Amino acid sequence: MELLCLELDTNIRARPDPNLLCDDRVLHSLLTIEERFLPQYSYFKGVQKDIQPFMRRMVATWMLEVCEEQKCEEEVFPLAMNYLDRFLAVVPTKKCNLQLLGAVCMFLASKLKDTRPLTAEKLCIYTDNSIRPQELLEWELVVLGKLKWNLAAVTPNDFIEYILRRLPLPEDKLALIRKHVQTFIALCATDFSFAMYPPSMIATGSVGAAICGLQLNSSNQSQWGDSLTDLLAKITNTEVDVLKACQEHIERVLVSSLREGHQQQQQQQQQTQRGSSGKGLEELDQSSTPTDVRDINL
Amino acid sequence: MAVHKHILSALRNGPTRRNLFGPVDREQLQVEYQAALHKDLEEASIRWGFDFIRDKPLNSSDFKWEGIPATKVPVLYRSCMLEQAEGDSILAAVSHKGGRAQSPQSDKENIPNSPERYSLDLEKLERTPERGESTGLKRKQTNITDFFQAKRRVVGKPRKSGE
């Protein structure tokens, strides 16, 4: 008899556990403990002197790109941003050390969530070697101390399955919805205005935005009506008005992000067409901006 | 992931490998690191009433400390002591003076390592410590059958179904 090794170079995953997914206690526990892991202050108004909100966005975008390139688990990026915000809420940090902090946060989050965590060396290369592995490991200890070693923070991603299970959604659309929800959650993590929102609200708002964006709620109006928001609000014990505001906020950030992306594309096109004379940027036609999520290639 | 790329393309500039905010001041960073660790250690000392640098209990403390030989604690708790002199085999065990099992701040039980006896070694940090290294107390791995009563089928008796 010949023995074959069918092990592939992919991560083996456990199947979703109905004992966890179907039990209300898990969702309730998540809702109870999630507040413990929120950053305590809006730190740009107090603690931080050198760092501006746009710098947080720069480091967040870089972190997301690294996580994507390294094919990290979806929750690694939001979790790393949670560490970053919690650290910045208590420690005044210089601009020149912000990327080091971002790398440390990814290093920790990846250790917690990835099967094959990011290595210190790899992360240093992504900073274009502006930091050394030694420094990364030293600051890992500092960050851990400031986070009081509480690393198992609740992220919006933790809620996705619990929300989706409780909605009457077509089975064949679930994968697509999940993907959109994850994207919206990542988008929220790059934007500081969401940093103080409880993860359950970001998750619920993202599910709402994904379903509306994919227009799954209009095809069978009778089933949903206006009740989608009500239903969502009930699942995570959120107030309907607050949830609506959150969903609209997500949609606004999405639209502006798409517009910026489109503008930048056009800008690049223009620059290649006209050489270096990139004038008339304001005249750019914005009407062709895809504001419908369904127009985005998956 | 394509959605990510599209939506977040606005923020992209060039390759992922990049330095965002200019050069890092290494000396300043080292100073800040030492200061941060020192502060952590001081806070931990006050919290636990134990001077972690001199490895001695503080006089003013809510805890009563007593020494126990290092061989009596699991290997895990010895690892950070390896850099120290080998003859020093005393670790301190803690019990609360009031006899309570837990301190009111039991959620903050983690003590940072002192920089003095914690020289960073990349290889060591990046590696998961192997079990049963030479220093370890060898303990027999428990088998699930250890919990079963030994049974022997008497030859001659008919087999029960399912046996």
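These numbers were taken from a predicted model, which means no experiment stands behind them.
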Closest contact, heavy atoms only, B/F21 versus A/M55: CZ-O, 3.6 Å
Closest non-hydrogen atom pair between A/C96 and B/P23, with its separation: CB-O, 3.8 Å
Heavy-atom check, side chain of A/L141 versus side chain of B/D40, under 4.5 Å: no
For chain A, the option from B/R26, B/E43, B/Q28 that forms the most heavy-atom pairs under 4.5 Å: B/R26
Stepwise side chain to side chain contact (heavy atoms under 4.5 Å, CB included) check, A/K146 with B/K39: CA-CA 11 Å; A/K146 293 297 170 204; B/K39 198 162 158 260; 3.9 Å; yes
Toward chain B, the part of A/K71 with a non-hydrogen atom under 4.5 Å: neither
Spacing of CH2 belonging to A/W139 relative to CG belonging to B/L37, to within rounding of 0.5 Å: 8.5 Å
Under 4.5 Å from a heavy atom of chain B, the part of A/L100 involved: side chain
Atom group of B/Q30 that falls short of 4.5 Å from chain A, counting heavy atoms: side chain
Minimum-distance pair of heavy atoms, taken over all atoms of A/Q99 and B/R18: NE2-O, 2.8 Å
Candidate pair A/K94 and B/D25, rule side chain to side chain contact (heavy atoms under 4.5 Å, CB included), full reasoning: CA-CA 10 Å; A/K94 292 200 190 72; B/D25 184 345; over 6 Å; no
Considering all heavy atoms, the nearest A/V59-B/L20 contact: CA-CD1, 3.6 Å
Shortest non-hydrogen separation from B/R17 to A/N129 and the atoms involved: NH2-ND2, 3.3 Å
Closest approach of A/S130 to B/V24 (non-hydrogen atoms, all atoms of both residues): O-CG2, 3.7 Å
Side chains of A/N97 and B/E32 in contact at under 4.5 Å (non-hydrogen atoms): yes
